[in-house]
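Structure first, commentary second.
Computed from heavy atoms alone, side chains included, the values below leave out hydrogens, waters and symmetry copies.
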Amino acid sequence: MNRSQQLSHPGALFWRRVLAHWTYQRKSLATVVDWIVMIYILIPGLLLGGGLYRELWTSPLPGWAQFLPLQAVVVILLFMFSGRVLLFLEEADVLFLRQQREWMKGLLIRGMAYSHAMSALKGLLFTLLALPILVREHEITGGTLITLLVITVVCAWCTNLWAGMIRSSCKGWRQHLLIYAVRWLSVGLLTLLVSLWLEVYAVLWTIVVILLIVLILLSRRRLAMHGTFMADTREDARTRIQLTEKLLVQAVGKPPSVRSKTWFMRKSGRLFKGTAEKRLADAGLKAILRHPESLTLYIQITLVGIPAVWLPPLIIKIVVYIALVLMISYWLNTRWAVFAKAEFMHVLPFTNEQHRSAGILAVRTLLALPAFLYSLVAGLTLFQGGVGWLAALALTAAAVMIAPSLMSWPMYREDKHQQDE
């Protein structure tokens, strides 16, 4: 069979590109993974994981399982069913395939079906791991479990396709805002259904039918979209190289983004007025928040710490609270140290003591928000009413005053007489 016969219909072209896609992913993994070594890791890992999974079915569930409500488990399942839509379009298709509407339509339909199948497979694998919690802790079995999985899968398919359409038709902040809105809309819908109508099959299957109709309408809309070919190919290229990008980031780190103008606190003015230490703290605080990775990690640590303080029992709650406050203080001090030890700072006439005082002020300011949130969660779970709020304020004040000084650097730069010696 020659090449022209092999590509006589869209299905042949689709499967050829699927094979090329998986070949590329395998080669990307082969560049950083020694498969012989992985065999010695995977086999014991599978045996150990299988034993732990068996214990989840036969032994009492871990204590943290009772603090995980069904709504949270379902939201996690929805996240695992989520993914990007890969259409298998290439830039070279603009020369021929773009003019062949039947071929384009066939390729797009197969690409959407493939993406839905992959997201469903990934979600079902995770569901298999979460089954002990669903069945033993929340007593979700039989028809209820099947209905819950079906509605989660269909909801994720609609969300994935809708988000892909937004990526192809919108740019910048509007794209991110709309995608977040769609994702949170699906989370809210699923949470509402689980909270109010989990046992009402008629309502759930009616919603499934409605979502399937929405999926068909979105698919038809996707096939009818015009003027998005180049955006579709760029999105496909980004999706195909996701694995390669993650491997490279782990190996060499993510390159910093370069901006001609800052976007964060552009017209904020001075946060602190007065002494040289306060002006230095002002510059360092803005530098930390304007760094994308630092800002992202700052937000992530703050958000992850809230359930970490809320869920454990009394003694563990206190230990986790203290550990989180000290950890985020230490991390903020490392960010300040990077700023204070930068090359351009050597030309400024600040002493080591001024660097330390400014660093403590900047870290205290940045620590105020996570410390207040952690203290509020701890205070309201330990006490009730006004006493909880007073405890939260007292804990916040103590954390902000004590932790930054304990975790501050003793030396940021050598004094002038030490350099002369």
Side-chain angles (χ1 to χ4, degrees), residues 53-85 109-166 178-223 307 310-311:
Y53 186 72
R54 182 174 177 274
E55 288 186 2
L56 290 176
W57 284 105
T58 57
S59 303
L61 290 173
W64 53 262
Q66 61 182 327
F67 296 106
L68 200 62
L70 179 60
Q71 290 83 356
V73 178
V74 174
V75 170
I76 295 173
L77 287 178
L78 178 64
F79 174 77
M80 296 308 300
F81 278 107
S82 300
R84 293 198 173 194
V85 176
I109 292 174
R110 289 172 174 83
M112 288 187 286
Y114 169 86
S115 302
H116 294 332
M118 290 296 102
S119 64
L121 180 60
K122 180 185 67 172
L124 289 175
L125 289 176
F126 183 81
T127 303
L128 183 64
L129 299 178
L131 270 181
I133 297 177
L134 288 171
V135 174
R136 300 187 62 194
E137 179 65 28
H138 300 290
E139 299 180 352
I140 305 297
T141 58
T144 305
L145 179 61
I146 294 174
T147 305
L148 183 62
L149 288 179
V150 170
I151 198 169
T152 305
V153 170
V154 179
C155 186
W157 285 350
C158 293
T159 306
N160 297 341
L161 185 55
W162 198 354
M165 294 168 62
I166 293 172
L178 291 175
I179 290 176
Y180 280 127
V182 170
R183 295 291 184 188
W184 280 108
L185 179 63
S186 64
V187 169
L189 173 63
L190 204 57
T191 303
L192 182 66
L193 292 174
V194 171
S195 301
L196 300 181
W197 298 294
L198 181 62
E199 300 295 336
V200 185
Y201 291 166
V203 173
L204 294 181
W205 283 103
T206 301
I207 298 298
V208 169
V209 173
I210 294 174
L211 288 176
L212 286 173
I213 295 174
V214 171
L215 181 64
I216 294 172
L217 294 176
L218 288 174
S219 301
R220 291 173 62 89
R221 173 61 181 165
R222 184 67 188 82
L223 294 174
W310 172 44
L311 295 177

Q: For F81 and T159, run side chain to side chain contact (heavy atoms under 4.5 Å, CB included): C-alpha distance rounded to whole Å, both residues' side-chain angles, the deciding distance at 0.1 Å, then the answer.
A: CA-CA 10 Å; F81 278 107; T159 306; over 6 Å; no

Any side-chain heavy atom of [X] within less than 4.5 Å of one from [Y]?
X    : Y    : answer
V214 : W162 : no
L145 : L131 : yes
L211 : W157 : no

Q: Run through L161, I166, V187 and flag the one making a side chain to side chain contact (heavy atoms under 4.5 Å, CB included) with V182.
A: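 In the set L161, I166, V187, the residue that makes a side chain to side chain contact (heavy atoms under 4.5 Å, CB included) with V182 is I166.
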
**Q.** Atom CZ of F79: over 12 foreign heavy atoms under 6.0 Å
**A.**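 No, because the 6.0 Å sphere around CZ of F79 holds 12 heavy atoms or fewer from other groups.
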
**Q.** Enclosure of F126 CZ (heavy-atom neighbours >12, cutoff 6.0 Å)
**A.**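 Enclosed: over 12 neighbouring heavy atoms sit under 6.0 Å from CZ of F126.
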
Would you confirm whether [X], through its side chain, and [Y], through its main-chain N or O, come within 3.5 Å as a donor-acceptor pair?
X    : Y    : value
R136 : W57  : yes
Y201 : T147 : no
N160 : V85  : no
S186 : R183 : yes
T191 : G188 : no

Q) Measuring from L134:CG to T141:OG1, what's the distance to the nearest 0.5 Å? A)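 Between atom CG of L134 and atom OG1 of T141 there are 10.5 Å.
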
Q) Between atom NE2 of H138 and atom OG1 of T144, what is the distance when rounded to the nearest 0.5 Å? A)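 The distance works out to 13.5 Å.
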
Q. Going through the distances and angles, do M80 and T127 end up as a side chain to side chain contact (heavy atoms under 4.5 Å, CB included)?
A. CA-CA 9 Å; M80 296 308 300; T127 303; over 6 Å; no

Q) Would E137 and L68 count as a side chain to side chain contact (heavy atoms under 4.5 Å, CB included) if you check the C-alpha gap in whole Å, the side-chain angles of each, and the deciding distance to 0.1 Å? A) CA-CA 9 Å; E137 179 65 28; L68 200 62; over 6 Å; no

Q: With side chain to side chain contact (heavy atoms under 4.5 Å, CB included) as the test, would you mind laying out the steps for L149 and T152 before giving the verdict?
A: CA-CA 5 Å; L149 288 179; T152 305; 5.6 Å; no

(Q) Looking at every non-hydrogen atom in both residues, tell me the closest pair between V135 and I140 and how far apart they are. (A)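 Closest pair (atom of V135, atom of I140, distance): CG2-O, 3.5 Å.
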
Q. Closest approach of L204 and L198, non-hydrogen atoms and distance?
A.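 Nearest heavy atoms, L204 then L198: CD1-O, 3.3 Å.
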
